[in-house]
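One structure is given here, and the rest of the page talks about it.
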Amino acid sequence: QVQLVESGGGSVQAGGSLKLSCAASEYIFGSCGMAWYRQAPGKERYVVSTITSDGTTHYADSVKGRFTISVDLAKNTLYLQMTSLKTEDTAVYYCAAGTPSTLPCSGAYYSADGFWGQGTQVTVSS
């Protein structure tokens with residue numbers, strides 16, 4: 001079972017930056033598209049950014065130009081660099097692999113539900 005462990009969340013003032021990390025227990029980046037989701041209190045979880053196995057990236061309009069998704073293959077780690085943070089970015093951020101936003105993982109890593117991290121809290125204050 002693939003495990004995803006997020007880190008890097010915390011509290012920051014509006015306009016600040018944070019970098020989230022998601023360490024994978026196995027090398028899945030060649031078989032799985034990866035994504036960052038977020039869920040604010042009282043709201044549904046939605047996808048913030050995705051990166052495919054060939055490096056193609058996509059961003060939600062709300063974060064475009066401010067967030068950058070990337071992968072360090074040598075470290076088996078997915079990142080989300082967040083800049084110019086706004087109070088509305090406050091949410092629990094989840095790392096995921098092979099979810100509906102990215103299509104299921106291929107080969108040995110196939111899973112209908114994909115793989116999810118436990119989430120990391122990001123709080124942006126004004």
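Atoms considered below: every heavy atom in the structure, side chains included; atoms not considered: hydrogens, waters and symmetry mates.
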Could you report the tightest heavy-atom contact between [X] and [Y], atom names first, then the distance?
X    : Y    : value
S53  : G30  : CB-O, 3.9 Å
S84  : S17  : N-OG, 4.4 Å
V122 : L18  : CG1-CD1, 3.9 Å
G98  : C105 : CA-SG, 3.6 Å

Nearest 0.5 Å, please: how far is [atom2] in [Y] from [atom1] in [X]?
X    : Y   : atom1 : atom2 : answer
F29  : L78 : CZ    : CG    : 6.0 Å
L80  : M34 : CG    : CE    : 11.5 Å
T102 : H58 : OG1   : NE2   : 11.0 Å
I51  : C32 : CD1   : SG    : 13.0 Å
K19  : S70 : NZ    : OG    : 5.5 Å
L20  : S49 : CG    : OG    : 11.0 Å

Worked check of side-chain contact (heavy atoms from CB on, under 4.5 Å) between V12 and M82: CA-CA 11 Å; V12 65; M82 306 185 293; over 6 Å; no
Would [X] and [Y] show up in the same hydrophobic cluster when neighbours are defined by side-chain heavy atoms closer than 4.5 Å?
X    : Y    : result
L85  : Y37  : no
L4   : Y94  : no
W116 : Y109 : no

Expected output: side-chain Q118 to main-chain V5 donor-acceptor under 3.5 Å: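 Not at all, since once roles are kept as given, no pair shorter than 3.5 Å links the two residues.
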Exam field: side chain T90 to backbone V124, donor-acceptor pair closer than 3.5 Å: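 A pair under 3.5 Å: yes.
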Please examine the side chains of [Y] and [X], heavy atoms only from C-beta on, and report whether any two atoms are closer than 4.5 Å.
X   : Y   : result
T99 : V47 : no
T68 : Y79 : no
Y59 : R66 : no

Within 6.0 angstrom of E88 CD, more than 12 heavy atoms from elsewhere: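 Counting neighbours around CD of E88, more than 12 heavy atoms of other residues, nucleotides or ligands fall under 6.0 Å, so yes.
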With sequence neighbours excluded, residues passing side-chain contact (heavy atoms from CB on, under 4.5 Å) with S25: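 Per chain and number, S25 pairs via side-chain contact (heavy atoms from CB on, under 4.5 Å) with V2, Q3.
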Residue pair V63, R38: steps toward the side-chain contact (heavy atoms from CB on, under 4.5 Å) verdict: CA-CA 11 Å; V63 306; R38 72 185 184 188; 3.9 Å; yes
Verdict with supporting geometry, Y27 and L73, side-chain contact (heavy atoms from CB on, under 4.5 Å): CA-CA 8 Å; Y27 182 77; L73 300 178; 3.7 Å; yes
Whether F67 and Y93 hold their rings parallel, tilted or perpendicular, with breakpoints at 30° and 60°: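 F67 and Y93: tilted rings.
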NZ/NE/NH1/NH2 to OD/OE distance under 4.0 Å, D61 and K64: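 Between K64 and D61 there is a salt bridge, with a charged N closer than 4.0 Å to a carboxylate O.
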